[in-house]
Amino acid sequence: MQIATPYLMFLGDVPDRLAAKTAYGIVDWRPEWCVGQLRLPGCQADLGIPDLTLDEAVAKGCKTMVIGVANAGGVLPEHWVSEVVAALDAGLDVASGLHARLGAVPAIAEAAERNGRQLHDVRHTDETFATGKGTKRPGLRLLTVGTDCSVGKKYTVLALEKGMRARGLDADFRATGQTGVFISGRGAAIDAVVADFISGAVEWIAPAADPRHWDLIEGQGSLYHPSFAGVSLGLLHGAQADAFVVCHEPTRTTMRGVGHKLPTIQEVIDLTVQLGRLTNPDIRPVGIAVNTQALGEAEARKLLDDLAAEHGLPATDPVRFGVEGLVDRIVTEFPG
């Protein structure tokens, strides 16, 4: 899948920042590709890039309108259809990370056909995956896991890729969600893979490699989340993770979208080790990544110091304070 850049980021009328996390992720890690944003009345997200009309976006060289949202169920709201059609009529391709296929909407399919434009459904792939085998394969793999969904698992592995490469390590980000695929150009949206093939898809995403090569695998959901635990478990088994980092958001008391209590970091560590040993008996934690965006700097640093002392692991906010401590631990745990 080759998506033409640069992008116009479409946010629709999403109710909050988290609902536009796909767009935020692309802007954070590929800012040079993001020329502007298109928002509808009532939109409560702002990427901090220029608001553009479709004509303005085309004039500035945009090639693709990216539907940068992650809403419940991955549906395309009916009142967005006309906006997608207008983008195609203006001469833009359209790319979406939603579960709903753009081409399944007759008006969109017809507009793409008459304008000779491309529709990209990033959550869907033509790749055929085998079932996971759980057979040991060469290479090293790190997986991010979470106390909840939307706590920074993607940002952590992207920051680790940058930090590990800076230290001379051979490391690659492996995308398992729609935002990651937009950023990396390769991967598969695991939550759109048929359940029997999730672990096999992860084995395809992070195949056999040089013994010292690190695949940094983007985690999804949480083993404790009643909606997404199945995806998280398939990821864990397919990754055969040698190492994992626990990601956490400290201001939450319940998991996103449900009433279930947020698990503790220790509970996540224990369950990840217990279940991960099925495909890698040597799995181990190497750090804690905390999204401290809602905390002041002094409060954030104290929390991280307390967590590091409590769990005997380096703790950091990868975006705010960097990943040096995590990389140090990885190098110590996996020398050579």
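Computed from a prediction, not measured in an experiment: that's the story for all the values here.
Evaluated for a side chain to side chain donor-acceptor pair (under 3.5 Å) with Asp148, the options Arg252, Lys153, Arg256 yield exactly one hit, Arg252. The side chain to side chain donor-acceptor pair (under 3.5 Å) test with Asp93 is passed by exactly one of Arg117, Lys63, Gln118: Arg117.
In this structure a side-chain-to-backbone donor-acceptor pair under 3.5 Å is present from Asp317 to Thr292. Side chain of Glu218 to backbone of Lys154: no donor-acceptor contact under 3.5 angstrom is found. With Thr316 contributing its side chain and Gly322 its backbone, the two residues share a donor-acceptor pair below 3.5 Å. Of the possible donor and acceptor atoms, none in the side chain of Gln37 sits under 3.5 Å from a partner among the backbone N and O of Leu52. A donor-acceptor pair is defined here as one N or O able to donate and one able to accept, closer than 3.5 Å; such a pair exists between the side chain of Glu56 and the backbone of Thr53. In this structure, the side chain of Ser222 engages the main chain of Gly146 through a donor-acceptor pair within 3.5 Å. Side-chain N or O atoms of Lys133 include one that pairs as donor or acceptor with a backbone N or O of Thr131 at under 3.5 Å.
For the pair Leu313/Arg329, a side-chain contact is recorded, criterion being any heavy-atom separation below 4.5 Å from C-beta on. For the pair Pro211/Leu140, no side-chain contact is recorded, criterion being any heavy-atom separation below 4.5 Å from C-beta on. Taking the side chain as every heavy atom from C-beta outward, Ile205 and Ile217 never approach each other to under 4.5 Å. Two residues are said to be in side-chain contact when any heavy atoms from C-beta on lie closer than 4.5 Å; Phe10 and Val66 fail this criterion. Side-chain contact between Val75 and Leu98 is absent, with no heavy-atom pair separated by less than 4.5 Å. Inter-residue side-chain proximity for Gln44 and Val14 is flagged as unmet; no heavy-atom pair is nearer than 4.5 Å. Between Val286 and Leu142 the shortest side-chain heavy-atom distance falls below 4.5 Å.
When ring centroids are compared, Phe334 and Trp214 come within the 6.0 Å threshold.
Ile198 contributes atom CD1, which lies 12.0 Å from atom CG of Leu236 (distance to the nearest 0.5 angstrom). If you take CD on Glu161 and CG on Asp215, they are separated by 10.0 Å, rounding to the nearest 0.5 Å. Atoms CG and CG, from Leu169 and Leu216 in turn, are 9.5 Å apart once rounded to the nearest 0.5 Å. The CE atom of Met9 sits 13.0 Å away from atom CG of Asp51, with the distance rounded to the nearest 0.5 Å. Here CG of Leu8 is found 9.5 Å from OG1 of Thr64. Values are rounded to the nearest 0.5 Å. Atom CZ of Arg301 and atom CG of Leu295 lie 12.5 Å apart (nearest 0.5 Å).
More than 12 heavy atoms of other residues, nucleotides or ligands sit less than 6.0 Å from atom CD of Glu127. Around CD of Glu32, the count of heavy atoms belonging to other residues, nucleotides or ligands within 6.0 Å exceeds 12.
Following chains of ILVMFWY side-chain contacts shorter than 4.5 Å, one can reach Val122 starting from Leu11, so the two form part of one hydrophobic cluster.
Here Arg123 pairs with Asp191 in a salt bridge; the nearest charged N to carboxylate O distance falls below 4.0 Å. Here Arg277 does not pair with Asp242 in a salt bridge; the nearest charged N to carboxylate O distance is not below 4.0 Å.
Judged by the 6.0 Å and 45° rule, Arg17 forms a cation-pi pair with Tyr24.
For Asp89, the side chain to side chain contact (heavy atoms under 4.5 Å, CB included) criterion is met by Val85, Ala111, Arg114, Asn115, not counting sequence neighbours.
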Practice prompt. Could you please spell out the steps behind the side-chain hydrogen bond (donor to acceptor under 3.5 Å, both in side chains) verdict for Gln240 and Arg141?
Written response: CA-CA 7 Å; Gln240 290 186 340; Arg141 291 166 192 87; 4.9 Å; no
Worksheet item: Between Glu297 and Arg320, does a salt bridge (charged side-chain N to carboxylate O under 4.0 Å, His left out) hold up when you go through it step by step?
Response: CA-CA 9 Å; Glu297 182 165 342; Arg320 195 174 189 178; 5.2 Å; no
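The ring-ring contact (aromatic ring centres under 6.0 Å, His included) analysis of residues 234-291, with sequence neighbours excluded, yields no pairs.
Scanning all heavy atoms of the two residues, the minimum distance from Val202 to Gly238 falls at CG1-C, 3.6 Å.
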